[in-house]
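Here is the structure we will look at.
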Amino acid sequence: MSTPCPTCDQARALHAQLVAGDVDAAIEAGLMAFQPCGCVDDSIIVVMQTQQRLRTAWDARERYRQRESRLARRAAEREARRLKITEVTESAQPARPALPTGAAAILASAKAKAAERMKR
């Protein structure tokens, strides 16, 4: 009589949880830390395939989160540059006179003539 393999027993337990659709329980029972033994069993194959699919999905989720973080950071930097350029542009522009210089000169001349007429 051979000694039962504890790894195969764990694989069967994990396989039963996976077949029942209780992936969370399988994860809590050590699905991701499971290391196969030298035995070849259908339950070990299913456990390893599920483990690989979960790793792939978790890696993809992490890449997605990093990408979203990177895009948000870039958008914030772009917005900060845009606001800085707007502030610099607004502060660098001198106050524009209400009238063009030629019109202002003509108006000043007319006012001076009117003042001269009022004095007489």
Side-chain angles (χ1 to χ4, degrees):
M1 186 171 174
S2 65
T3 308
C5 177
T7 304
C8 291
D9 292 339
Q10 182 187 12
R12 282 188 212 92
L14 290 170
H15 182 262
Q17 290 171 333
L18 293 172
V19 169
D22 199 358
V23 177
D24 291 332
I27 291 171
E28 289 176 14
L31 172 65
M32 298 312 289
F34 177 77
Q35 293 293 320
C37 61
C39 304
V40 176
D41 189 359
D42 288 342
S43 59
I44 291 176
I45 293 170
V46 170
V47 169
M48 295 303 296
Q49 288 172 343
T50 304
Q51 188 183 55
Q52 184 58 43
R53 281 195 309 268
L54 277 174
R55 270 200 192 103
T56 302
W58 289 349
D59 290 345
R61 181 178 58 190
E62 183 59 30
R63 286 190 307 274
Y64 176 78
R65 286 178 178 166
Q66 289 174 354
R67 178 181 180 270
E68 288 297 310
S69 174
R70 191 173 53 251
L71 290 175
R73 187 188 77 243
R74 288 179 182 169
E77 290 171 354
R78 195 171 32 252
E79 182 67 16
R81 281 193 310 268
R82 187 188 65 76
L83 290 175
K84 185 176 180 182
I85 289 171
T86 303
E87 290 172 0
V88 169
T89 304
E90 289 174 356
S91 65
Q93 290 180 349
R96 300 181 87 199
L99 296 173
T101 50
I106 293 170
L107 181 61
S109 171
K111 282 185 179 182
K113 286 181 184 179
E116 281 293 318
R117 286 186 198 147
M118 296 291 259
K119 288 182 183 178
R120 296 188 211 171

Less than 3.5 Å apart, which donor and acceptor atoms pair up between the side chains of residues 61-68 and the rest of the protein, not counting sequence neighbours?
unit_1	atom_1	unit_2	atom_2	d
Glu62	OE2	Gln66	NE2	3.4

### Query
More than 12 foreign heavy atoms under 6.0 Å from CG of Asp42: is that the case here?
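Atom CG in Asp42 is not packed in, count stays at 12 or less.
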### Message
So, using salt bridge (Lys or Arg N to Asp or Glu O under 4.0 Å) as the criterion, who are the partners of Glu116 when residues are at least two apart?
### Response
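Testing Glu116 for salt bridge (Lys or Arg N to Asp or Glu O under 4.0 Å), a comparison that skips the adjacent residues, returns none.
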### Query
Hey, any chance Val46 and Leu31 share a hydrophobic cluster, counting ILVMFWY side chains that come within less than 4.5 Å of each other, even indirectly?
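They do not share one cluster, since no chain of ILVMFWY contacts under 4.5 Å joins Val46 to Leu31.
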### Query
With the 4.5 Å side-chain cut-off for hydrophobic clustering, are Val23 and Leu14 part of the same group?
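Same cluster: Val23 reaches Leu14 through Ile, Leu, Val, Met, Phe, Trp or Tyr contacts under 4.5 Å.
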### Query
Closest heavy-atom contact between Ala26 and Leu18?
CB-CD2, 3.8 Å
### Message
Restricting to non-hydrogen atoms, name the atom on Phe34 and the atom on Gln10 that form the minimum distance, rounded to 0.1 Å.
### Response
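Closest pair (atom of Phe34, atom of Gln10, distance): CD1-OE1, 3.5 Å.
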### Message
Within this structure, what is the CZ-OG1 distance for the pair Arg55 and Thr50, rounded to the nearest 0.5 Å?
### Response
11.5 Å
### Message
Applying the side chain to side chain contact (heavy atoms under 4.5 Å, CB included) criterion to Gln49, which one of Arg53, Gln51, Gln52 satisfies it?
### Response
Arg53
Can you give the donor-acceptor pairs under 3.5 Å from side chains of residues 70-80 to other protein atoms, not counting sequence neighbours?
unit_1	atom_1	unit_2	atom_2	d
Glu79	OE1	Arg82	NE	3.3
Glu79	OE2	Arg82	NH2	2.5

### Task
Kindly state each residue pair satisfying side chain to side chain donor-acceptor pair (under 3.5 Å) with at least one member in residues 17-37, sequence neighbours excluded.
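For residues 17-37, and leaving out neighbouring residues, there are no side chain to side chain donor-acceptor pair (under 3.5 Å) pairs at all.
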### Query
Sequence neighbours excluded, which residues qualify as side chain to side chain contact (heavy atoms under 4.5 Å, CB included) partners of Val19?
His15
### Contacts of type side-chain hydrogen bond (donor to acceptor under 3.5 Å, both in side chains), residue Arg12, not counting sequence neighbours
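With sequence neighbours excluded, Arg12 shows a side-chain hydrogen bond (donor to acceptor under 3.5 Å, both in side chains) to Asp9, given in chain and number order.
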### Query
Are side-chain heavy atoms of Ile44 and Cys37 found at a separation under 4.5 Å?
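Ile44 vs Cys37: side chains touch.
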